Amino acid sequence: MTPQRFDAILIGGGLVGAAIGFGLQRLGLRCLLLDEGDIAFRASRGNFGLVWVQSKGLGAPHYQRWTRGSAEEWPSLAADLKDRTGIGTGLQQPGGVSLCLSEEEFEARSAYMARLQREAGNFGLDYRMIRGAEARDMLPGLGPKVVGVSWTPYDGHASPLYLLRALHRGFTDLGGTYRPNARLTGSKAAPHDFRIEAGDDVAEAPRVVLTAGLGNAELAPRFGLQASVRPERGQILVTERARNLLPMPTVSLRQTEEGSLLIGDSKEDAGFDVSQKPEIMRRMAQRAVQCFPWIADLNLVRAWSALRVMAPDGLPIYDQSERFPGAFTANCHSGVTLAGTHANRLAPMIAAGALDPALDLFTARRFDVRHAA
Ligand SMILES: Cc1cc2nc3c(=O)[nH]c(=O)nc-3n(C[C@H](O)[C@H](O)[C@H](O)COP(=O)(O)OP(=O)(O)OC[C@H]3O[C@@H](n4cnc5c(N)ncnc54)[C@H](O)[C@@H]3O)c2cc1C
């Protein structure tokens with residue numbers, strides 16, 4: 001079969017592949033986006049939808065800057081997608097809070113935020129620890145058990161499913177080729193010369209971008225790369241729709257544009273098991289009711305679990321192959337938050353053929369013992 005020629009092939013059509021693919025296609029590259037389909041683990045279809053900055057990058061100020069950069073890029077990405085596709089992503093960035101249910105939690109959070117700010121240096125970090133009446137004015141219906149909150153102006157949320165749909169529509173409207181149900185079955189790599197087989201498709205390109213989420217761990221070595229990512233399970237509960245009660249998202253509660261409350265934030269080491277655990281769901285619901293007692297009046301209508309894509313240190317992995325220049329890999333556990341920077345900043349680097357040296361800190365070689373020594 002004669003291979004089809006592209007400027008770039010992306011393997012994995014979740015939020016990371018779709019955001020980078022959209023960015024590349026918008027720059028005029030002809031791209032192929034392959035996606036394995038419903039049998040794969042797909043974090044992009046099971047996540048919480050925060051565009052979240054305030055907990056990111058303790059001990060890694062470059063990650064704090066990268067995340068803040070993405071929150072800044074988000075409004076232009078959302079506007080561009082809406083313009084091109086008519087699909088709104090529901091982006092709201094009113095700031096966000098993390099709620100503390102005891103003095104110990106409040107003290108620990110204060111110390112965490114102070115350290116983040118110190119590490120931010122000249123870049124700065126605007127935050128406040130807020131207690132009592134001021135917190136209650138900010139968040140009507142806050143429960144008496146809440147001792148205080150940390151607040152930053154950078155946080156927000158969006159609909160991850162509308163985002164994914166808009167990125168895919170934007171990509172194909174720009175002429176990109178999307179192949180669902182197309183698991184990579186064969187590949188050949190040489191510098192700036194890659195050949196990919198997936199089902200009936202055979203394609204060649206001078207660039208390949210690995211965006212297969214947890215699948216990257218197995219794919220990366222074929223292209224002279226590493227992606228030592230592992231799954232971390234998260235469960236989410238959804239209530240019936242309510243009138244607009246929550247003016248801003250918290251790290252484990254948000255109200256969608258349509259009115260549902262999402263309760264989230266479990267972090268479980270359960271391998272590839274995506275079953276749901278009633279005990280954990282109960283704890284999540286209890287904490288939500290302690291934070292906002294009015295939530296107890298709402299019925300739960302849905303629940304699910306999905307797998308985060310985690311590097312050993314929880315930071316993203318962005319890398320380019322030394323052995324096969326033209327091959328890139330991208331993994332992160334905050335693909336909603338980082339969509340702005342993936343489309344607007346990372347895609348131009350890949351189009352230009354090399355990652356910015358500022359991204360060296362995100363290389364997977366940081367896990368290599370020889371590199372660390
Ligand atoms: C419970 C939960 C809550 C979360 N909450 C948030 C949040 O609030 N904010 C935030 O920013 N992020 C959040 N995340 C993280 C976010 O969902 C992920 O960072 C993001 O979805 C990762 O996207 P991805 O494209 O890398 O991976 P995926 O969505 O897993 O996509 C990878 C794709 O690659 C395809 N694939 C795999 N192997 C192959 C192959 N061999 N050939 C072809 N295709 C292949 C699969 O079909 C899949 O569609 C959450 C995640 C979870 C699980």
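For ligands, and for the atoms within them, numbers begin at 1 and follow the listed sequence. Note that the structure is predicted; figures quoted are calculated from it, not measured.
- Taking only non-hydrogen atoms, the option from S44, A158, G14 nearest to atom 23 (O) of ligand 1 is S44.
- Judged by distance alone, the side chain of S305 and the main-chain N or O of V274 form a donor-acceptor pair under 3.5 Å.
- Heavy-atom contacts of D35 reach the following atoms of ligand 1: 33 (C), 34 (O), 35 (C), 44 (N), 46 (C), 47 (O), 48 (C), 49 (O) (cutoff under 4.0 Å).
- Ligand 1 has no N or O atom lying under 3.5 Å from any N or O atom of L307, backbone or side chain.
- At a heavy-atom distance under 4.0 Å, only backbone atoms of A182 (N, CA, C or O) approach ligand 1.
- For N299 and T239, the side-chain atoms include no donor-acceptor pair closer than 3.5 Å.
- Short contacts between ligand 1 and H333, defined as distances under 4.0 Å to a heavy atom of the residue, involve ligand atoms 12 (N), 13 (C), 14 (N), 15 (C), 19 (O).
- When atom types are taken as modelled, the side chain of D7 and the backbone of R30 share a donor-acceptor pair closer than 3.5 angstrom.
- Ring geometry for W66 versus H342: interplanar angle of 30 to 60°, hence tilted.
- Taking any N or O of C332, backbone or side chain, at least one lies under 3.5 Å from an N or O belonging to ligand 1.
- Between S98 and T250, the closest side-chain pair of non-hydrogen atoms is not below 4.5 Å.
- For Q235 and E268, the side-chain atoms include at least one donor-acceptor pair closer than 3.5 Å.
- Residue E36 places at least one N or O, backbone or side chain, under 3.5 Å from an N or O of ligand 1.
- For G215, no nitrogen or oxygen atom sits less than 3.5 Å from a nitrogen or oxygen atom of ligand 1, counting backbone and side chain alike.
- The T337 neighbourhood of ligand 1 comprises atoms 9 (N), 10 (C), 11 (O), with distances under 4.0 Å to a heavy atom of that residue.
- Backbone and side-chain nitrogen or oxygen atoms of A306 are examined, and none is located within less than 3.5 angstrom of a nitrogen or oxygen of ligand 1.
- Between F48 and ligand 1, an N or O atom pair is found at a separation short of 3.5 Å.
- A side-chain donor-acceptor contact under 3.5 Å links D155 and T152.
- Considering every non-hydrogen atom in both Q320 and L355, the closest pair reads OE1-N, 2.9 Å.
- In terms of N/O distances under 3.5 Å, ligand 1 is approached by L15.
- Taking every heavy atom of G234 and a limit of under 4.0 angstrom, the matching atoms of ligand 1 come to 1 (C).
- Counting heavy atoms from C-beta outward, L161 and R45 have side chains that approach closer than 4.5 Å.
- The shortest N or O to N or O distance between S334 and ligand 1 is under 3.5 Å.
- Close approach of ligand 1 to R183 (heavy-atom distance below 4.0 Å) involves ligand atoms 41 (N), 42 (N), 43 (C).
- Closest approach of I317 and A364 over heavy atoms only: CG2-CB, 3.8 Å.
- Heavy-atom separations between N331 and ligand 1 are all 4.0 Å or longer.
- In this structure, CD on E103 lies 9.0 Å from OG on S110, to the nearest 0.5 angstrom.
- Close approach of ligand 1 to G46 is summarised as follows: ligand atoms under 4.0 Å from at least one heavy atom of the residue are 1 (C), 2 (C).
- Not a single N or O atom of L214, backbone or side chain, sits closer than 3.5 Å to an N or O atom of ligand 1.
- Nearest-heavy-atom check against atom 52 (C) of ligand 1 across R308, E218, E232 picks out R308.
- Residue G49 has at least one heavy-atom neighbour below 4.0 Å for each of these atoms of ligand 1: 7 (C), 8 (O).
- On a distance-only criterion, L338 and ligand 1 share no N/O pair closer than 3.5 Å.
- Using a 4.0 Å cut-off to heavy atoms of G37, the atoms of ligand 1 that qualify are 47 (O).
- Screening L253, L298, V289 for a side-chain contact (heavy atoms from CB on, under 4.5 Å) involving I263 leaves a single residue, L253.
- Side chain to side chain, T89 and K82 fail the donor-acceptor criterion of an N or O pair below 3.5 Å.
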